[in-house]
Enquirer: 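Before I ask anything, here is the structure I am working with.
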Amino acid sequence: MLVLKRYLGTAGAVVLLTAGCGQTVQMQPFEAQANTEEPCAALVADLPDTLLGADRATIRPESNVMAAWGDPPIGLRCGVPRPSGLERDSALTDIGEEEGEIVSWLAQPEDAPTMFIAVHREAYVELSVPSSYGNPAAALSQVSELIPKHLEERADSGV
């Protein structure tokens, strides 16, 4: 039963399907960046069971580089292509400055973002947070704690 369809920019879509007491989220597969599957799989395996109070869902098709939580679904895809709007002067949100491991996020759309892409790492990480969850800061912070453990910083800044 189709409950919700939520677009993740032009790159993909998340569809929430109900199945008994659990939930399954249909996510749009993508062509991953070269050499990112192993570090992305490690990141996804390390992600929390709960994000913004939402429980982790089963995803279809099965993938070790994607994850989802809740209804409407919060979606994460690791190894996505470079964001087309990323420029040297793009406005980025830096998280983790106090801890010394900074993760920079590109918010899209800039005026009312629901999708955030972690940049300046060996793989781009896309996090989609529906506006119904309110401020996405806690989700960005939680994911930002894990990114430096699994994804090396790019020497060329990824731009």
Side-chain angles (χ1 to χ4, degrees), residues 4 6-14 16 22-23 25 27-28 30 32-33 36-59 63-159:
L4 172 75
R6 180 85 184 172
Y7 289 94
L8 293 175
T10 58
V14 174
L16 181 65
Q23 59 187 9
V25 175
M27 294 185 75
Q28 181 66 41
F30 60 96
Q33 295 171 263
T36 61
E37 187 166 348
E38 189 175 318
C40 283
L43 171 66
V44 169
D46 202 15
L47 290 168
D49 291 334
T50 307
L51 192 64
L52 293 178
D55 292 331
R56 194 151 173 180
T58 302
I59 60 164
S63 172
N64 60 354
V65 297
M66 298 188 296
W69 300 260
D71 176 12
I74 298 167
L76 182 137
R77 303 185 319 156
C78 183
V80 296
R82 181 186 181 280
S84 60
L86 181 61
E87 302 292 337
R88 290 202 181 280
D89 62 348
S90 292
L92 301 176
T93 300
D94 290 337
I95 297 181
E97 294 179 68
E98 309 82 44
E99 295 82 29
E101 288 284 352
I102 297 172
V103 176
S104 298
W105 294 89
L106 175 68
Q108 296 186 332
E110 202 172 312
D111 58 342
T114 56
M115 186 186 338
F116 304 84
I117 300 106
V119 299
H120 302 209
R121 296 286 166 170
E122 67 183 297
Y124 296 104
V125 178
E126 176 185 279
L127 181 63
S128 174
V129 182
S131 59
S132 61
Y133 286 95
N135 189 333
L140 290 168
S141 179
Q142 207 168 353
V143 173
S144 292
E145 289 176 13
L146 299 172
I147 287 176
K149 295 177 183 177
H150 301 287
L151 302 174
E152 297 291 324
E153 202 166 357
R154 292 177 62 117
D156 65 358
S157 79
V159 181

Enquirer: List the residues meeting side chain to side chain contact (heavy atoms under 4.5 Å, CB included) with Glu153, not counting sequence neighbours, and say none if there are none.
Expert: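 Applying side chain to side chain contact (heavy atoms under 4.5 Å, CB included) to Glu153 gives Arg121.
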Enquirer: Kindly indicate, with the supporting measurements, whether the criterion side-chain contact (heavy atoms from CB on, under 4.5 Å) is fulfilled by Thr93 and Leu140.
Expert: CA-CA 10 Å; Thr93 300; Leu140 290 168; 5.7 Å; no
Enquirer: Under the side chain to side chain contact (heavy atoms under 4.5 Å, CB included) test, which residues partner Asp46, sequence neighbours left out?
Expert: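 If we apply the side chain to side chain contact (heavy atoms under 4.5 Å, CB included) test to Asp46, skipping adjacent residues, the hits are Leu146, Lys149, His150.
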Enquirer: If you measure from CG on Leu106 to CZ on Phe116, what distance do you get to the nearest 0.5 Å?
Expert: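 Separation between the atoms: 10.0 Å.
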Enquirer: Atom OG1 in Thr50, atom CG in Asp55: separation rounded to 0.5 Å?
Expert: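 Atom-to-atom, Thr50:OG1 and Asp55:CG are 5.0 Å apart.
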Enquirer: Rounded to the nearest 0.5 Å, what separation is found between the SG atom of Cys40 and the CG atom of Asn64?
Expert: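 Going from the SG atom of Cys40 to the CG atom of Asn64 covers 9.0 Å.
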Enquirer: Considering non-hydrogen atoms only, spot the tightest contact between Gln23 and Gly70 and give its length.
Expert: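 Reported closest heavy-atom pair: NE2-N, 3.1 Å.
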Enquirer: Which atoms form the tightest heavy-atom contact between Trp105 and Ala118, and what is the distance?
Expert: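 Minimum heavy-atom separation between Trp105 and Ala118: CE3-N, 3.3 Å.
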Enquirer: Looking only at non-hydrogen atoms, find the nearest pair between Tyr133 and Asp71 and report the distance.
Expert: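 The answer is OH-N, 3.4 Å.
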Enquirer: Determine, step by step, whether Cys78 and Leu151 satisfy the side-chain contact (heavy atoms from CB on, under 4.5 Å) criterion, reporting the C-alpha distance in whole Å, the side-chain angles of both residues, the deciding distance to 0.1 Å, and the verdict.
Expert: CA-CA 10 Å; Cys78 183; Leu151 302 174; 4.2 Å; yes
Enquirer: Would you name the heavy atoms of Pro83 and Ile117 that are closest together and state the gap between them?
Expert: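 Nearest heavy atoms, Pro83 then Ile117: CG-CG2, 3.7 Å.
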Enquirer: CE of Met66 to CZ of Arg77: how many Å apart, nearest 0.5 Å?
Expert: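 Output value for this atom pair is 7.0 Å.
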Enquirer: I want to check something: taking the side chain as every heavy atom from C-beta on, are Ile74 and Pro130 in contact at a cut-off of under 4.5 Å?
Expert: yes
Enquirer: Checking Glu38 now: which residues fulfil side chain to side chain contact (heavy atoms under 4.5 Å, CB included) with it, not counting sequence neighbours?
Expert: none
Enquirer: Would you say the side-chain atoms of Gln33 pair up with the backbone N or O of Tyr124, donor to acceptor, closer than 3.5 Å?
Expert: yes
Enquirer: Between Ser141 and Ala138 (side chain of the first, backbone of the second, donor and acceptor by atom type, cut-off under 3.5 Å), is there such a pair?
Expert: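 Judged by distance alone, no pair lies under 3.5 Å.
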Enquirer: Run the side chain to side chain donor-acceptor pair (under 3.5 Å) test against Ser104 and tell me which residues pass, sequence neighbours left out.
Expert: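 For Ser104 the side chain to side chain donor-acceptor pair (under 3.5 Å) partners, ignoring immediate neighbours, are Asp94.
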Enquirer: Give the C-alpha distance, both sets of side-chain angles, the deciding distance and a yes or no for side-chain contact (heavy atoms from CB on, under 4.5 Å) between Ile102 and His120.
Expert: CA-CA 10 Å; Ile102 297 172; His120 302 209; over 6 Å; no
Enquirer: In chain order, what residues pass the side chain to side chain donor-acceptor pair (under 3.5 Å) check against Trp69, with sequence neighbours excluded?
Expert: none
Enquirer: Report the distance from atom CE of Met27 to atom CG of Leu76, rounding to the nearest 0.5 Å.
Expert: 7.0 Å
Enquirer: Flag yes if more than 12 heavy atoms outside Glu37 fall under 6.0 Å of its CD atom; otherwise flag no.
Expert: no
Enquirer: Kindly give the heavy-atom pair with the smallest separation between Arg56 and Pro48, and that separation in Å.
Expert: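 Closest pair (atom of Arg56, atom of Pro48, distance): CD-O, 3.7 Å.
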Enquirer: Restricting to non-hydrogen atoms, name the atom on Ser131 and the atom on Thr114 that form the minimum distance, rounded to 0.1 Å.
Expert: N-CG2, 4.1 Å
Enquirer: State whether the side chain of Glu122 and the backbone N or O of Thr36 hold a donor-acceptor pair below 3.5 Å, judged by distance alone.
Expert: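 A pair under 3.5 Å: no.
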Enquirer: For Ser84, what residues pass the side chain to side chain contact (heavy atoms under 4.5 Å, CB included) criterion, not counting sequence neighbours?
Expert: none
Enquirer: Measure the CD-OG distance between Gln28 and Ser63 for me, rounded to the nearest 0.5 Å.
Expert: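 Reported value, rounded in 0.5 Å steps: 12.0 Å.
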Enquirer: Taking C-beta and beyond as the side chain, do Val65 and Phe30 meet within less than 4.5 Å on heavy atoms?
Expert: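 Counting from C-beta outward, Val65 and Phe30 do come under 4.5 Å.
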